[in-house]
Amino acid sequence: MKDIQNEKPARSRNFIEEIIEEDIREGKNDSRVHTRFPPEPNGYLHIGHAKSICLNFGLADKYNGLTNLRFDDTNPVKEDVEYVDSIMEDVRWLGFDWGDRLYYASDYFGQLYEYAVILIKKGKAYICDMPAEEISATRGTPTRPGKESPYRNRTVEENLDLFGRMRAGEFPDGTRVLRAKIDMSSPNMHMRDPILYRILHTNHHRTGDAWCIYPMYDFAHGESDSIERITHSICTLEFEVHRPLYDWLIREIDIYAPRQIEFARLNLSYTVMSKRKLLELVKEKYVQGWDDPRMPTICGLRRRGYTPESIRNFADIIGVAKRDNMIDVSLLEFCIREDLNKQANRVMGVLNPVKVIIDNYPERQVEEMEAAVNPENPEAGTRKVPFSKELYIEREDFMEDPPNKFFRLAPGREVRLRAAYIIKCESVEKDPVTNEITAIHCYYDVNTKSGMPDSNRKVKGTLHWVSASHAVEVDVRLYDRLFVVPDPDNAEEGKNFKDYLNPDSLTEVKGYLEPSIRDAKIGEKYQFERLGYFVVDKDSKAKSLVFNRVVPLRDSWARIEGQK
RNA sequence: UGUCCGAUGGUGUAACUGGCAACACAUCUGAUUCUGGAUCAGAAGAGUCUAGGUUCGACCCCUAGUCGGACAACCA
């Protein structure tokens with residue numbers, strides 16, 4: 001039988017998939033696909049890492065392969081278990097499983113040491129006694145060749161002896177390094193006798209004080225991939241120039257060679273993505289922590305109310321290529337709206353209330369109105385919303401002197417109250433001093449209750465509302481983009497990214513919600529009808545709920561308004 | 001004045017590997033709607049960085065430029 005789904009063209013392959021498929025076709029590595037996600041545990045993961053995670057795990061999944069999680073923990077002075085834990089939590093939360101393949105570069109310190117010895121014995125590596133500044137100074141520049149170290153031609157015996165004594169802890173930090181002996185005049189800076197090992201008398205989060213010399217990333221990374229028999233080492237563009245070094249190392253040590261493929265990292269508008277800058281925002285308290293809902297970190301997005309599905313879908317949509325890119329946040333927002341529109345239960349709540357009094361509604365009467373929990377998902381059923389004489393509606397939903405495009409409440413005009421009656425505005429009460437509207441008087445049409453025949457009457461606007469005496473007061477945090485410019489990394493002369501922070505990225509207000517919200521649990525997402533999607537924040541207490549706005553609904557009225 | 005990489009609508013990614021450019025987001029119209037949401041239908045928007053060349057035919061191959069990015073931590 002023909003597979004009907006094949007009728008519709010499959011999503012075209014990205015360049016990495018093409019490479020992998022070619023390798024499979026040619027039977028490389030017995031057509032095996034094995035990738036890895038190799039974070040350094042020195043910070044929290046962000047949406048850029050999510051792209052890489054989805055890519056690596058996604059590729060393995062697509063080609064029936066495997067993906068390892070490996071911590072590149074070769075620099076104990078910067079790394080910490082706090083980060084290890086958060087990284088694992090985030091990868092898992094995103095929906096990926098590394099099975100029993102959790103590794104650490106530090107697992108390989110013994111093996112790596114042996115590899116170094118091999119290089120020394122082959123005369124391909126030597127101990128250099130120059131201080132850091134001198135090594136740097138003799139490295140040359142991209143356009144000018146470097147100078148050879150005076151220690152470059154030590155004998156194999158001497159190098160072996162010195163390396164052993166480095167390891168034994170005989171020398172203080174910074175006094176000696178192991179360097180590869182390649183070519184000080186190579187046009188590729190990374191080939192100018194790169195440092196392989198340095199002395200660091202620092203406790204390592206896993207190996208404790210077993211080592212006082214640690215391999216450099218360039219030495220550890222490719223070899224770790226080799227040890228794990230990774231078939232395709234997917235990494236970002238900046239490592240492209242390192243590849244010749246990795247190839248050299250692998251060839252000289254004579255071990256299994258993975259294939260490295262570089263792709264362009266993700267850039268998102270109106271935010272920053274570098275760990276250093278993110279750390280700065282946290283340390284200098286511009287945000288409240290790594291999981292501040294304004295942060296592009298995975299934990300920040302999670303707290304903001306993003307779902308793993310929406311992020312995975314985002315990673316899929318943006319694609320993979322080699323050219324530098326800047327993705328518009330509106331695409332991320334599209335992804336979460338699309339997901340939450342289908343998932344989130346609806347609830348009515350007013351954030352900027354103004355009182356509505358239904359003059360012809362019986363004084364003490366309360367009706368339980370029936371409303372769909374989620375119109376996009378009939379199976380979710382209905383909920384009861386209490387209706388009474390005094391209500392709150394959104395202050396912006398009323399205008400005394402409206403333009404004709406305004407479909408909401410105004411003197412003499414009719415609107416529908418969602419899931420309730422059609423009401424007509426009769427008069428307005430104002431504060432004599434401030435002239436602010438304090439109450440709107442309306443009449444309701446008894447025959448227009450939802451479901452009744454007369455309720456089919458056409459009215460232009462439908463408003464959300466909440467019964468004043470039944471409203472549950474909650475705290476609401478309205479988030480906006482963290483920066484006011486699309487590309488804060490690209491600061492003009494004399495400024496830095498922090499000069500572009502959005503002072504209004506967080507606004508805290510009270511919200512008045514329908515009573516059904518009382519059962520809300522931390523992490524649950526709701527659509528506040530006509531307002532946006534909100535998630536219950538972990539700061540919530542039993543009697544005081546705190547909501548984070550994930551993203552507002554698309555608002556074409558605001559767009560019309562904005563055009564003026 | 002080095003090496004490596006890249007260049008397709010506003011943004012991102014495609015184009016069956018040479019047959020006159022598609023999809024998504026954003027934008028705009030209209031329909032529909034008890035969310036100015038969602039949904040549905042449609043429109044506009046690039047002739048593929050430039051100049052040569054190969055070819056019946058080039059986004060795709062070649063040459064030379066232009067522009068952009070990465071690389072000079074004992075960071076990863």
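Letters go in sequence order (proteins before strands), and every chain restarts at 1. What's counted below: heavy atoms across the whole structure, side chains too, no hydrogens, waters or symmetry copies.
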Only one of A/Phe219, A/Tyr214, A/Tyr126, A/Tyr115 forms a ring-ring contact (aromatic ring centres under 6.0 Å, His included) with A/Tyr197, so which one is it? A/Phe219

Stepwise, does the salt bridge (Lys or Arg N to Asp or Glu O under 4.0 Å) test hold for A/Arg530 with A/Asp397? CA-CA 11 Å; A/Arg530 300 211 307 133; A/Asp397 284 340; 2.3 Å; yes

Identify which nucleotide among B/rA38, B/rC25, B/rC75 has an atom closest to any side-chain atom of A/Glu40, counting heavy atoms from C-beta outward. B/rC75

Will you find, in the side chains of A/Tyr306 and A/Glu333, an N or O donor that is under 3.5 Å from an N or O acceptor? no

Which is true for A/Met348 with a 4.0 Å heavy-atom rule: it touches a base, it touches only sugar-phosphate, or it touches nothing? nothing

B/rG37 phosphate, OP1 or OP2: any side-chain N/O from A/Ser556 under 4.0 angstrom? yes

For the base of B/rG36, is there a side-chain donor-acceptor partner from A/Glu561 under 3.5 Å away? no

Base, sugar-phosphate, or nothing: which does A/Phe334 touch, judged by heavy atoms less than 4.0 Å apart? sugar-phosphate

Need one value for A/His221: base, sugar-phosphate or nothing, where a base atom within 4.0 Å counts as base even if backbone is also close, heavy atoms only. nothing

Once you round it to whole Å, what is the distance between P of B/rA15 and CZ of A/Phe15? 13 Å

Per atom distances to the A/Lys458 side chain, the nearest of B/rU17, B/rC25, B/rU33 is B/rU33

Under 4.0 Å between any heavy atoms, over every strand shown, what does A/Ser186 touch: base, sugar-phosphate, or nothing? Just pick one. nothing

Which base sits across from B/rG2 as a Watson-Crick or G-U pair, both distances under 3.5 Å? B/rC71

Under a plain distance cut-off of 3.5 Å, with no hydrogens placed, do A/Glu376 and A/Asn374 share a side-chain donor-acceptor pair? no

Classify the nucleic acid contact of A/His464 as base, sugar-phosphate or nothing, counting any heavy atom under 4.0 Å across all strands shown. nothing

Can you identify which nucleotide, out of B/rU13, B/rA15, B/rU3, has its nearest atom closest to the A/Pro187 side chain? B/rU3

Measure CZ/A/Arg167 against P/B/rC74 and give the value in whole Å, please. 23 Å

Got a sec: does the NZ of A/Lys277 have more than 12 other heavy atoms crowding it under 6.0 Å? yes

Contact class for A/Glu240 (heavy atom, under 4.0 Å): base, sugar-phosphate, or nothing? sugar-phosphate

Can a side chain N or O of A/Arg139 be found less than 4.0 Å away from OP1 or OP2 on B/rG2? no

Counting only side-chain N and O atoms of A/Ser136, is one of them less than 4.0 Å from OP1 or OP2 of B/rA73? yes

Please classify the nucleic acid contact of A/Pro375 as base, sugar-phosphate, or nothing, using heavy-atom distances under 4.0 Å. base

Please give, in whole Å, the distance from B/rU27 P to A/Glu333 CD? 11 Å

In whole Å, I'd like the distance from the CD atom of A/Glu21 to the P atom of B/rU17. 13 Å

State which of B/rA26, B/rC74, B/rC28 makes the closest approach to the side chain of A/Ser330. B/rA26

Looking at A/Arg70, does any N or O in its side chain come under 4.0 Å of the phosphate oxygens OP1/OP2 on B/rA76? no

In this structure, how many angstroms lie between the P atom of B/rA38 and the CG atom of A/Leu531, rounded? 14 Å

Kindly say if A/Thr74 contacts the phosphate of B/rA76, meaning a side-chain N or O under 4.0 Å from OP1 or OP2. yes

Before you tell me yes or no, could you show the steps for A/Val329 and A/Arg481 under side-chain contact (heavy atoms from CB on, under 4.5 Å), namely the whole-Å CA-CA distance, both residues' side-chain angles and the distance that decides it to 0.1 Å? CA-CA 9 Å; A/Val329 263; A/Arg481 26 197 72 157; 3.3 Å; yes

Paired with B/rC40 by Watson-Crick or G-U wobble geometry, both distances under 3.5 Å: which nucleotide is it? B/rG30

Anti versus syn assignment for B/rA73, with syn defined as within 90° of 0: syn

Where the side chain of A/Gln527 is defined as all heavy atoms beyond and including C-beta, which of B/rC25, B/rG36, B/rU35 is the nearest nucleotide? B/rU35

Counting only side-chain heavy atoms from C-beta out, which of B/rA38, B/rC4, B/rU35 sits nearest to A/Arg530? B/rU35

Distance between P atoms of B/rG69 and B/rA31 (Å, rounded): 47 Å

Looking only at side-chain N and O atoms, does A/Arg416 come under 4.0 Å of OP1 or OP2 in B/rU33? no

Side chain of A/Pro142, heavy atoms from C-beta onward: which of B/rG2, B/rG69, B/rU35 has the nearest atom to it? B/rG2

For a quick check of understanding: with a heavy-atom distance under 4.0 Å over all strands, which category does A/Pro131 fall into, base, sugar-phosphate or nothing? base

For A/Lys525 and B/rG37, what is the distance between atoms NZ and P respectively, to the nearest whole Å? 24 Å

Give one of base, sugar-phosphate or nothing for A/Ile318, where a contact means two heavy atoms less than 4.0 Å apart. sugar-phosphate

Find the partner of B/rC56: check Watson-Crick (N1-N3 plus N6-O4 or O6-N4) and G-U wobble (N1-O2, O6-N3) distances, both under 3.5 Å, and reply none if neither fits. B/rG19

Out of B/rG12, B/rU3, B/rU17, which has the shortest distance to the side chain of A/Val241? B/rU3

Using the P atom on both, measure B/rU3 against B/rA64 and round to a whole Å. 12 Å

Is A/Arg346 touching bases, backbone alone, or none of the nucleic acid, heavy atoms closer than 4.0 Å? base

Under 4.0 Å from OP1 or OP2 of B/rU8: is there any side-chain N or O of A/Arg323 that close? yes

Over all strands shown, is A/Tyr214 touching base, sugar-phosphate only, or nothing at heavy-atom distances under 4.0 angstrom? nothing

A/His242 and A/Tyr246 aromatic ring geometry - parallel, tilted or perpendicular at 30°/60° bounds: tilted

What nucleotide, of B/rA76, B/rG2, B/rG12, holds the atom closest to the side chain of A/Asp72? B/rA76

Please determine whether a side-chain nitrogen or oxygen atom of A/Arg192 lies at a distance below 4.0 Å from atom OP1 or OP2 of B/rU3. no

Please classify the nucleic acid contact of A/Ala132 as base, sugar-phosphate, or nothing, using heavy-atom distances under 4.0 Å. base

Would you classify A/Met216 as touching base, sugar-phosphate or nothing, given that sugar-phosphate means primed atoms plus P, OP1 and OP2, and contacts are heavy atoms under 4.0 Å? sugar-phosphate

How would you label the contact of A/Met130 with the nucleic acid (heavy atoms, under 4.0 Å): base, sugar-phosphate, or nothing? base

Does a sphere of radius 6.0 Å around CZ in A/Arg265 hold more than 12 heavy atoms from other residues, nucleotides or ligands, not counting ones at 6.0 Å or beyond? no

Parallel, tilted or perpendicular: ring planes of A/His204 versus A/Phe109, cut at 30 and 60 degrees: perpendicular

Of all the nucleotides listed (B/rA14, B/rU35, B/rA72), which has the minimum atom distance to the side chain of A/Asn14? B/rA14

Short side-chain N/O contact to B/rU17 OP1/OP2 from A/Arg13, under 4.0 Å: no

Grab the CD-P distance between A/Glu529 and B/rA38 for me, whole Å please. 14 Å

Under 3.5 Å: donor-acceptor pair, side chain of A/Arg198, backbone of A/Gly174: no

Could you give the distance separating B/rC23 and B/rG30 at their P atoms, to the nearest angstrom? 23 Å

Taking CG from A/Asp80 and C1' from B/rC75, how many angstroms apart are they, rounded to a whole number? 16 Å

Below the 4.0 Å mark, does B/rA38 have OP1 or OP2 next to a side-chain nitrogen or oxygen of A/Arg554? yes

